[in-house]
Amino acid sequence: MNAKLYDKLIFEHSAPGRKGFSLPRNTYSHHIGEIASLCRDRVDDLPEVDEPTVVRHYTNMSNNNFGVDTGFYPLGSCTMKYNPKINEELAAGVKGLHPAQPASTVQGALEIYRRLELALCEIGGMAEFTLNPFAGAHGELTGLLVIRAYHASRDDFGRKTVIVPDSAHGTNPASAAVAGFNIVEVKSLPDGTVDIDDLASKLDDSVAAMMMTNPNTVGMFEKNIPAIAEMVHKAGALLYYDGANLNPMLGIARPGDMGFDVMHINLHKTFSTPHGGGGPGAGPVGVRAGLEKFLPTPRVIKKDDGSLYVERFNDSSFGSISAWLGNFTVYIKALAYILSLGRDALSMAGQLATLNANYIMHSLDDLYKLPIPGPCKHEFVFDGLKDKSTGVTTLNVAKRLLDFGFHAPTIYFPLLFHESLMIEPTETESRETLDRFIEVMREIAREAAEAPDKVKEAPHDTPVRHPDDTEAALHPILTWKQLCDKPTAS
Amino acid sequence: MSIHRYFPHSDADISAMLDRCGHKSLDELYSDVAPELRLRKPYDLPEEMSETEVRRYFENLFSQNRRMVCFAGGGFYDHYTPAVIDAIISRSEFLTAYTPYQPEISQGTLQYIFEYQSMMASLTGLDVSNASMYDGATATAEAMLMAVSASRKKKRVLISATVNPAVARVVSTYARYHGVALEVIPDHDGETLRSELEAMLGAGDVAGVIAAYPNYYGIVEDYSGWADLCHSHKALFILNCRASALGILKSPGSLSADIACGDAQSLGMPLNYGGPGLGFLCTTNALVRKMPGRIVGRTTDAEGRRVFVLTLQAREQHIRREKATSNICSNQGLMALHTVVYLSLMGNEGLRQVNDLGYGGLRLLAEKLEATGKMKLKYPDRPFIDEAVFEIADGLNADTILEAAAKEGILAGIKLDERELLVAVTEMQSPADIERYANLIASLKKS
Amino acid sequence: MSNIYYLPTHEYARVEGNVAYIGISEFAAKSLGNVVYVDMPEDGDDVVKGEDFGAVESVKAASDLFSPVSGAVVEINEHLIDNPRLLNEDPMANWIIKVEMTDPSELESLLSPEDYEKLCASEQH
C-alpha cells in the first residue's frame, strides 16, 4: 500500500485531442449523422486520455487500496478468505458466450451451473438450488419470495410477517420489507442466542417465516435450533437460513438437517470468490423438497436425454429476479474452489476457521471485554476494551489497527453491545499472522492505558487521516462536475 | 503434514493452537452442535484435484461451448473489451478488497466509484449516480420502488410494452410482492402509444412511468414532452437505457427524465454468458436521498486533503434496516471499475465511433438481407442505431434460420416469434461477417 | 396549562389556535448527533397522527418523524433544507412542519411536558 495518497482523478489527466481507443476502420456507407435529430452533440466531461496514462493512473490508484492479498482482513461477517488465482483464470472461459445462444452451443456452461447447484445441494442439505441471485441480500429477497409463493399456493394469504432476531444482519429486515412483509424482532438472550419464550409469544398464523443465521452474528451456535424449527413449523411458517455465516459449518452440519426450509449461500464468502470492492458476488438460494417449483426463472433443466436447457417461464415459479442466469463467472470460481479443495479439505475449512477465531479470542480476552464466553465458531464479538476508564472506543482501536497494517474488524455490529468489535479471521490465515495480530491488539490495549490519545487520534500512518463524514453528508459532492462547480467545501 | 495448499496450518500449528484454547481436538470446538445435527456421512463430492486436474476439468467443459459470431443483443451486446481493462481489474488490490468501509485504506475503491458516478452522470445527463446495482433489470425494478417511495402514497406504475420482456418480468416480480400495481402501456408499430399513456395517467395514482431507450426493438422512440406529461400528474419519468447508446443519443437528462437506469454491459464488458454486467441508476439532485445503493462523496481529511468516503448512508439497510431505500448491500463494484477504465479509454469520441460502426453495419446488413428477399426490416421507417427487428419471408422461419446459422458459427439474432428475429451489429462483426450472414440467408431454400 | 405536547417517539406539537408547529425534542436532537438532512413532506400533504411524515438523518443514524396530530401541512421550515444543523442548535425554535389540525381533540392523548420529561429520564438509563 501507498504510504502517501495518490490523489489524482482521471479527469485531471485529460487534455483535448488525446485518445485511448482503437477501433476497426469504418468502411460503411451509412453513418449515424442520418439520425442526427435524435443525437446529442457530445458527452461532456468524459476524459480524453491516452492508454499509458490510463494504466499508470489506475495502477497508482490501486496502491491506495488494501485487499486480502495485501494483508490480514478480519472483517467480521464478511469471510475474507484467500481468493485462489486459478479461479480467476478459469472464469475467463465464458467471456464470449451470449446468454441467448442456443442450448446446444452452451452445454458446457449449463453443466457448470448444474454441477455447482448439485454441490451446493449436498453442502446445504437442500433439494434444489437456483444460482441466479446476484448477492446475499438478493438471495434473501429471492428466498422470501419463494416463501410467499409457497403460502399463496396454499391459499394462506394472511401471513404478512417475518420474524428476525435483534442480532440479525441489517439486510434481513430490509429484504423482508422489499418482499412486502412486516418485520417483527425477536429478542436475544444474554448469551446471544434466540430467546425461545419471546419467539413463542410472537409466533402465530400471521407469521410467514423466521430468518436466522447459524452460527449467529455473535459467532455462537444456536443450540436450540431443532426446537426453534419445530415451533416455527408448528405455527405454519418456514425457517430461512441466512448463509452469511455458513463457513464454520462446512463439514460439520447442514442447514437442511437443522430444519431450515430455505437458505442462501454467499459464494463470495464461503466459496472464496473475491469481493471486488463490493461485488460482483452471488447469493444462490436452496430449498427443501416440495419448494422447488417456486424457484425463480430462468432455470437450468435437464432433459431426459441428459442435455440441459434454460427454461424462461414457469407458471409455478414466483417470477424472475434476474434477466439471465446471474453472475455466471462467479459460479466458475466457486466450483473451481470446491474441486480444488475436494471433499476432505472442504470439510476442514470450517474447523480451521473456528480454530483461528478461538485462538484469537483466548489470546485477548484478558484485555478485551468478552460478553459471551466461547467456544465461538468462525467469529466472535468483543464489547470494546475491558478497561473502560481510558475512554478509548472500539472505533479508536479499529483505526489504530490500520497503523499496524491490518484491516479493521467489523465495528458497532451486532447492535447487542455498545462497543461491538467483531473479528473473523478465516482459515487461510497462518498462526504467525494471528500471533502478530494478537501482539498488536495487546499493544493497543497497553497504549490505551498508557497513552490513550495516541489511540484516540489514530490512524497516524495511513495515506488519509480522519475524513470528515459530516461535511460529506451535509453538502454532498458526488460527481466531478459538482466538484468543479464547488471547488472548496464550505 | 499440511492439509491443503490454501491452509497454512501444519499439524504442529493445530495442536499448539488447540493447547492455547484449552481444547483437545478440533471436534471439541463443536461440542455445542448436537450429534443428531452432525453430518452423517462425508459430502458426496469429488476428491481434491490438483491445479492441472482442475484446469483440465474446465477445459473439457469449455470445449462443449461454442463461441459464435454474435448478431444477438436483447440486453447483452458483443462489444470489444480493451486489453487494458483486464490488466487493471485483475489487480488484487482492487479485486480482493471488500466494500470500502475504512476510507483510510480504501481510497482506491472510493476514487474509482467517484469517477464512475461522475461518468455515468455525464452519460445520462443527470446529476448523480449510485455506486452500481446488480443488472439492468434489477436496477429498473429499484427505480420503480424509488418512484413509489418518492410519491409516498401512490401505488400504480406504468411500464411500456416496448421494454425488454426480461427486464419487465423482473420489474413485475418486484412490483407484485411489493404491492405495486404495474400496468403495461400498449404499443403499436414498435412504439409506445402516447394516447394510452395519457389516458392511464389521467386515471390518477401513478407514481412513475417506465419507458425504454432505445426500446426492445432497437427503435429510438421520441420521448420529447413525456417528462412534462408525467410531471403534470406528479409521476416520475424513468428511462431504461442501453448505456452505450447514450454515447450518441440525447441524454435522459435533456429529456427531463427523473431516473435513468439499465445495464452498462454494453460499455465493453464481456458477454460472460449473461453476467456479470452492471446495473446503473442515475437521478436528479432532488431525488438523491431516495436513491438506493451506495454513494461515494468527496470530503476533506484532517490535513485538508481531498478524499472520498461512503456517504448518505442513513438511507441504507445497515442503518435503516426495514426502512431502508433498498436491501442492496453487495453490488457490482469491480464492474464499476471496468466501466470507468472503458470510458476513460473511449471518451466521447470512442463512444461515437462505436455507435457509428454499429449503425453502418446494421444498415449494410439490412440492405443485403433485403436483397435476398428473405428477411427485411420490420419497422423500416423508425429510427434505430445498431439493433432492429427483421421480418422473415414466407416459407422460412426463425428456427430454420437460427439453426442453419448456428452450423456456420453465426448467432443470427434472438427469436421474437416464428417470423421475427431481433438482430444487433457492433464493431465486433466485420463487413465480411455481415457478408457471410447475408449469403447464408440467401442460400436458404424456402419450404 | 402548557401549549406543548409530546409523542413518546420524541416529536412535539406546539399549538397556537388551530395550528400545530411540529418538531423534535431537545432530547431527540442530542441523541441523534449532527443532523445532516431533514426529510420533509410538501405543502398541502396530509399527515396522520401516529404515522410518519419524514425523517431526520445524521451521518450514522436516521430516525423517522411521527406526527403528533392529523391535518394538512401548511408550511415547511425551509431553513432546514440548507441548514439542517439548526435542529441541533435549537429544536424548539426550529420546528419542522406547520400543520392545520383537523381534530384538536387528538391532543388529549399526547404527553404533557412533565410526563415527557419523566419518559426521557427513564430512557437515559
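Residue numbers start from 1 in every chain, and the chains themselves are labelled A, B, ... in the order their sequence lines are given, proteins ahead of strands.
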Is any NZ, NE, NH1 or NH2 atom of the basic residue among B:Asp32 and A:Lys223 found under 4.0 Å from an Asp or Glu carboxylate oxygen of the other?
no
Polar side-chain atom of [X] near backbone of [Y] as donor-acceptor pair, under 3.5 Å:
{"X": "B:Thr96", "Y": "A:Asp69", "answer": "yes"}
{"X": "B:Asp13", "Y": "A:Arg431", "answer": "no"}
{"X": "B:Arg176", "Y": "A:Phe318", "answer": "yes"}
{"X": "A:Arg42", "Y": "B:Ile248", "answer": "no"}
{"X": "A:Arg148", "Y": "B:Tyr177", "answer": "yes"}
{"X": "B:Asp301", "Y": "A:His466", "answer": "no"}
{"X": "B:Thr299", "Y": "A:Asp468", "answer": "yes"}
{"X": "B:Ser122", "Y": "A:Asp44", "answer": "yes"}
{"X": "A:Gln107", "Y": "B:Ser63", "answer": "no"}
{"X": "A:Arg465", "Y": "B:Glu303", "answer": "no"}

Side chain, backbone, both or neither: which part of A:Leu5 has an atom under 4.5 Å from a heavy atom of chain B?
side chain
Atom group of A:Glu140 that falls short of 4.5 Å from chain B, counting heavy atoms:
neither
Just checking, is any N or O donor in the side chain of [X] or [Y] under 3.5 Å from an acceptor N or O on the other one?
{"X": "B:Tyr6", "Y": "A:Glu427", "result": "no"}
{"X": "B:Tyr43", "Y": "A:Arg343", "result": "no"}
{"X": "B:His9", "Y": "A:Gln351", "result": "no"}
{"X": "A:Asp344", "Y": "B:His4", "result": "no"}
{"X": "B:Gln107", "Y": "A:Asn65", "result": "no"}
{"X": "A:Ser363", "Y": "B:Arg20", "result": "yes"}
{"X": "B:Asn348", "Y": "A:Glu48", "result": "no"}
{"X": "A:Tyr58", "Y": "B:Ser344", "result": "yes"}

Over all heavy atoms of both residues, which pair between [X] and [Y] is shortest? Give the atoms and the distance, please.
{"X": "A:Asp7", "Y": "B:Gln111", "value": "CA-NE2, 3.7 Å"}
{"X": "A:Ala253", "Y": "B:Val33", "value": "CB-CG1, 4.3 Å"}
{"X": "A:Ala174", "Y": "B:Ser326", "value": "CB-O, 4.1 Å"}
{"X": "B:Met68", "Y": "A:Gln101", "value": "SD-NE2, 3.4 Å"}

Could you walk me through whether B:Gln102 and A:Lys399 pass the side chain to side chain contact (heavy atoms under 4.5 Å, CB included) test, one step at a time?
CA-CA 8 Å; B:Gln102 298 291 336; A:Lys399 296 297 182 194; 2.7 Å; yes
Would A:Lys377 pass as a cation-pi partner of B:Tyr30, given that its NZ or CZ must be under 6.0 Å from the six-membered ring centre and within 45 degrees of the axis?
yes
Distance check, rounded to the nearest 0.5 Å: [X] atom [atom1] versus [Y] atom [atom2]?
{"X": "B:Arg306", "Y": "A:Ile477", "atom1": "CZ", "atom2": "CD1", "answer": "10.5 Å"}
{"X": "B:Arg66", "Y": "A:Leu97", "atom1": "CZ", "atom2": "CG", "answer": "11.5 Å"}
{"X": "A:Leu75", "Y": "B:Thr99", "atom1": "CG", "atom2": "OG1", "answer": "8.5 Å"}

Would A:Tyr28 and B:Arg363 satisfy side chain to side chain contact (heavy atoms under 4.5 Å, CB included), going step by step from the backbone distance to the final call?
CA-CA 9 Å; A:Tyr28 298 122; B:Arg363 285 284 166 190; over 6 Å; no
I'd like to know whether B:Leu26 forms a side chain to side chain contact (heavy atoms under 4.5 Å, CB included) with A:Met348, so could you lay out the CA-CA distance, the side-chain angles of the two residues, the decisive distance to 0.1 Å, and finally the verdict.
CA-CA 10 Å; B:Leu26 287 171; A:Met348 286 305 292; 3.6 Å; yes
B:Asp222: which residues meet the salt bridge (Lys or Arg N to Asp or Glu O under 4.0 Å) condition with it, sequence neighbours left out?
none
Look at the rings of A:His138 and B:Tyr134 and say which category their plane angle falls in: under 30° parallel, 30 to 60° tilted, over 60° perpendicular.
tilted
